[in-house]
Enquirer: 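The structure's right below; bear with me while I get my questions together.
Just so it is clear, the values below take in all heavy atoms, side chains as well, and ignore hydrogens, waters and symmetry mates.
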Amino acid sequence: MERYKRFSDEQIAVANQVDLAEYLRHQGETLTKAGKDMRWNRYTSVTIRGNQYYKWKTQEGGYPIQFLKEFYGYNFKQAMELLLSFANDTGMTIDVHPAEEVKKEFIMPERNDSMRRVYGYMLNSRFIDKDILNKFVQKGLIYEDKKYHNVIFVGYDEEGIPRHAHKRSTLTQGGFRGNVEGSDPKYTFHYLGQSNQIYVFEAPIDMLSYISIHKEDWYKHNYIALNGLGTQGLEYLLDSNESLQKVFLCFDHDIAGVEGAERVLDMLYDRQMVNASIIQPKNKDFNEDLKELHGIETIKAVDNPKYKEMNTEIENVKNSHLELFRYDMVTHSSIGNQFMKVYYSFNKEGKNDFHNLNEQSEKLLKLVLTMEHKHLYHNTFFTKESRVWDILKSDYRAYRDTGNINKSIQNILKNLKEIKTASDNHEDNQTLTRIYRQTASDVLNLKLQIRRELVRNMEMNKALGLEESLRPEAKMIGEDGNVFHLMGICSNALKKAGYPEKSKEMFDRVTSCRSYDEALAIMNEYVIPTGDEQTLEDTFDVGMKGY
């Protein structure tokens, strides 16, 4: 079988230099000017500058290949082919050896003589308590800039020198927000009291809103606004102040905020900061809570649907008809044998049998949980009442539940190898329990991803009126990516399978769609794409070597 297509370093460099704004416009996307950046209207927390994107919610970014993988779901090969084709079709001139960006000097915006605009915005639009605002203004932590009348939130270093500034427009409807160029992320907007507690927020206004709601003795405590979900400022404060022993994460009550809080919580646990917890606003954020206290209509909280999925899935597995194994019937070898069934159920001969994969993964999850129970509670039966089910729920992290099935399977394989090594080296019971616990979490993520594939297939079948087993295969992967060429392949496959009416329906939908990505998605609804991509089975012998 032909191996996975290799790309040269030069080709990868070319793909990663594609102008993302131009690429998105060619896909029919809308972007809005935001200072030197472009803001993607579909995901307003994502900004584009040249060949780079940035997610303000998580303070993460990257280049075009990662962008297509993250937002469009392409694998590396598909992303490369699309970006190289775009670069060629548009005749883009790309420097494969771009010069390194020079870090800008940090210059504080000039102060305005008046604070009228800032006070009007903060008191009347954001309902910040006046005494609280006065305190921060007196300390030089907040001022109004002269040129644009933005509110400036200042971050100082240990010597009282400004090192960071965050700008926020005082316009009531929307407006600009962002950091002054050259700001040092170690010194984001913060206030230090004398207690051992620190409250952590995404944005300065969230922080001031929380203090306005909880005014009593607020000045005794410590507060920091991360201007997103990056942790550099928090980590630096913790390193610089050993007295800070209790951390409260006060992030937005939305999907990004919940996942960001999980990520930071895990970072704190890794630092042995065990006294850390999450405080959630009732509404979308603490400023919305403050507005509600003033009788203003609020933006409501958004709970992450992944948690409902996770709880439902665990209850389904716990109560399934599959036999619950006794602790003395399960060995590491039996887990390894069951994993092999999972491994081979995925992408077997170019076909995905998600129903079988789901059943095999369910058996694997119960075996791993049985072994975890065995290490925790010796000589007791594993039942639905075992605490390992609750541990599995508490260990779940939505931000980790973002990979694909292939990645999850590889993570499980890695864990099983670690268990074998630990067993061979006669590691203690605690070490083995920890690895089994991580394995159970990874198998749960795999189960959730499989269930989503099953749901997607059911929805697709309902929309098309075709059973998945009746959808014809079409050799599209590795072919010329020209949309008309791919349409021809799909059309021929549908006609040969006895669906000429579906061929015409597919043709009409593709020719009237707005973008290349939409065209590919439509074609994938009618056929099962096949080709010469390397499957998991091709790497099985290499992956299991030494297991």
Side-chain angles (χ1 to χ4, degrees), residues 59 106 108-109 111 115 118 122 126 128-144 151-168 177 179-180 182-252 260-261 264-265 267-279 281 285-287 290:
Q59 291 203 337
F106 175 64
M108 291 280 288
R111 289 175 180 267
M115 292 275 289
V118 164
M122 297 291 278
R126 294 295 187 168
I128 303 301
D129 183 89
K130 188 173 182 179
D131 291 337
I132 303 295
L133 181 58
N134 284 338
K135 185 75 171 179
F136 278 82
V137 169
Q138 291 163 9
K139 284 183 167 291
L141 292 165
I142 295 176
Y143 71 91
E144 181 177 315
V151 53
I152 308 297
F153 300 97
V154 187
Y156 292 90
D157 67 10
E158 298 85 350
E159 306 299 323
I161 299 172
R163 299 293 187 188
H164 190 285
H166 181 75
K167 300 180 287 186
R168 183 67 167 87
R177 64 180 183 274
N179 298 330
V180 173
S183 291
D184 189 333
K186 295 199 305 291
Y187 298 103
T188 57
F189 181 69
H190 63 277
Y191 173 92
L192 296 181
Q194 287 77 43
S195 80
N196 67 346
Q197 302 176 17
I198 181 166
Y199 296 80
V200 187
F201 302 85
E202 291 187 37
I205 288 177
D206 296 335
M207 172 177 149
L208 296 170
S209 299
Y210 180 87
I211 296 172
S212 297
I213 296 170
H214 303 88
K215 287 182 61 176
E216 185 176 358
D217 294 335
W218 72 267
Y219 55 88
K220 295 180 180 179
H221 305 305
N222 307 276
Y223 308 85
I224 183 170
L226 303 178
N227 298 319
L229 294 171
T231 62
Q232 195 169 348
L234 173 61
E235 292 186 75
Y236 185 77
L237 268 187
L238 293 175
D239 289 337
S240 306
N241 298 270
E242 293 183 359
S243 61
L244 297 177
Q245 297 297 319
K246 297 180 67 174
V247 181
F248 298 98
L249 303 177
C250 311
F251 294 171
D252 289 0
V264 178
L265 197 63
M267 178 274 291
L268 293 171
Y269 288 157
D270 289 342
R271 291 173 56 101
Q272 308 303 313
M273 178 70 72
V274 294
N275 200 342
S277 57
I278 294 173
I279 299 176
D285 57 45
F286 285 105
N287 191 243
L290 187 57

Enquirer: Which pair of heavy atoms, one from Val247 and one from Val200, lies closest together, and at what distance?
Expert: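 Val247 and Val200 have their closest heavy atoms at CG1-CG2, 3.9 Å.
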
Enquirer: Output the distance between atom OH (Tyr199) and atom CH2 (Trp218), rounded to the nearest 0.5 Å.
Expert: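 One gets 13.0 Å once the value is rounded to the nearest 0.5 Å.
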
Enquirer: For residues Ile142 and Met115, report the shortest heavy-atom separation together with the two atoms involved.
Expert: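 Looks like O-CE, 4.0 Å.
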
Enquirer: Donor-acceptor check, side chain of Thr188 to backbone of Leu226, threshold 3.5 angstrom: yes or no?
Expert: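 It does not hold such a pair.
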
Enquirer: Quick one, Ile211 with Tyr191, criterion side-chain contact (heavy atoms from CB on, under 4.5 Å). Give me CA distance, side-chain angles, the key distance, then yes/no.
Expert: CA-CA 11 Å; Ile211 296 172; Tyr191 173 92; over 6 Å; no

Enquirer: Check step by step if ring-ring contact (aromatic ring centres under 6.0 Å, His included) holds for Tyr236 and Tyr187.
Expert: CA-CA 8 Å; Tyr236 185 77; Tyr187 298 103; 5.2 Å; yes

Enquirer: For the residue pair Ala225 and Ala203, what are the closest heavy atoms and their distance?
Expert: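 Closest pair (atom of Ala225, atom of Ala203, distance): CB-C, 3.5 Å.
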
Enquirer: Between Val180 and Lys167, is there a side-chain heavy-atom distance shorter than 4.5 Å?
Expert: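 Yes, their side chains come closer than 4.5 Å.
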
Enquirer: To the nearest 0.5 angstrom, please state how far the CZ atom of Arg168 sits from the CE atom of Met122.
Expert: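 The distance works out to 9.5 Å.
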
Enquirer: Could you walk me through whether Asp129 and Lys215 pass the side-chain contact (heavy atoms from CB on, under 4.5 Å) test, one step at a time?
Expert: CA-CA 9 Å; Asp129 183 89; Lys215 287 182 61 176; 3.0 Å; yes

Enquirer: Using every non-hydrogen atom in the two residues, find where Asn222 and Gly193 come nearest and quote the distance to one decimal.
Expert: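 Scanning both residues, the minimum pair turns out to be OD1-N, 2.8 Å.
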
Enquirer: What's the spacing between Ile132 CD1 and Met207 CE if we round to 0.5 Å?
Expert: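 Output value for this atom pair is 10.0 Å.
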
Enquirer: Please determine which of Tyr143, Phe153, Phe189 meets the ring pair (Phe, Tyr, Trp, His ring centres under 6.0 Å) test together with Phe136.
Expert: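 Only one option passes, and that is Phe189.
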
Enquirer: Can you check whether Leu290 reaches Ile128 side chain to side chain, under 4.5 Å on heavy atoms?
Expert: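 Yes - at least one pair of side-chain heavy atoms lies under 4.5 Å apart.
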
Enquirer: Just wondering, do Leu237 and Leu192 contact through their side chains at under 4.5 Å, heavy atoms?
Expert: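 Heavy-atom side-chain distance check passes, below 4.5 Å.
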
Enquirer: For Phe106 versus Pro162, what's the shortest heavy-atom pair and its separation?
Expert: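 Answer, listing the atom of Phe106 first, then Pro162: CE2-O, 3.4 Å.
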
Enquirer: Give, for atom NZ of Lys246 and atom CD1 of Ile198, the distance between the pair rounded to the nearest 0.5 Å.
Expert: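 Separation between the atoms: 13.5 Å.
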
Enquirer: When rounded to the nearest 0.5 angstrom, what distance separates CG in Leu234 from CG in Leu268?
Expert: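 Those atoms lie 6.0 Å apart.
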
Enquirer: Between the main-chain N or O of Ala165 and the side-chain N or O of Ser183, is there a donor-acceptor pair closer than 3.5 Å?
Expert: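 Confirmed, Ser183 side chain pairs with Ala165 backbone.
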
Enquirer: Decide yes or no for Tyr156 and Leu141: does some side-chain heavy atom of the first lie under 4.5 Å from some side-chain heavy atom of the second?
Expert: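 Yes; the side chains approach each other to less than 4.5 Å.
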
Enquirer: Begin with the C-alpha distance, continue with both residues' side-chain angles, and end with the deciding distance and a verdict on side-chain contact (heavy atoms from CB on, under 4.5 Å) for Asn179 and His164.
Expert: CA-CA 8 Å; Asn179 298 330; His164 190 285; 3.4 Å; yes

Enquirer: Mind checking the CG-CG spacing from Leu244 to Leu238? Nearest 0.5 Å is all I need.
Expert: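 Those atoms lie 6.0 Å apart.
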
Enquirer: Counting only heavy atoms not in Glu242, do more than 12 sit closer than 6.0 Å to its CD atom?
Expert: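 At most 12 heavy atoms, drawn from other residues, nucleotides or ligands, come within 6.0 Å of this atom.
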
Enquirer: Taking all non-hydrogen atoms of both residues into account, name the closest pair between Pro204 and Asn227 and its distance.
Expert: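 In terms of heavy atoms, the two residues are closest at CD-OD1, 3.3 Å.
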
Enquirer: Give the intermediate values and the outcome of ring-ring contact (aromatic ring centres under 6.0 Å, His included) for residues Tyr210 and Phe248.
Expert: CA-CA 12 Å; Tyr210 180 87; Phe248 298 98; 8.7 Å; no

Enquirer: Between the side chain of Gln197 and the main-chain N/O of His221, is any donor-acceptor distance below 3.5 Å?
Expert: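 No; zero donor-acceptor contacts below 3.5 Å.
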
Enquirer: Might you work through the salt bridge (charged side-chain N to carboxylate O under 4.0 Å, His left out) test for Lys186 and Asp239, ending with a clear yes or no?
Expert: CA-CA 11 Å; Lys186 295 199 305 291; Asp239 289 337; over 6 Å; no

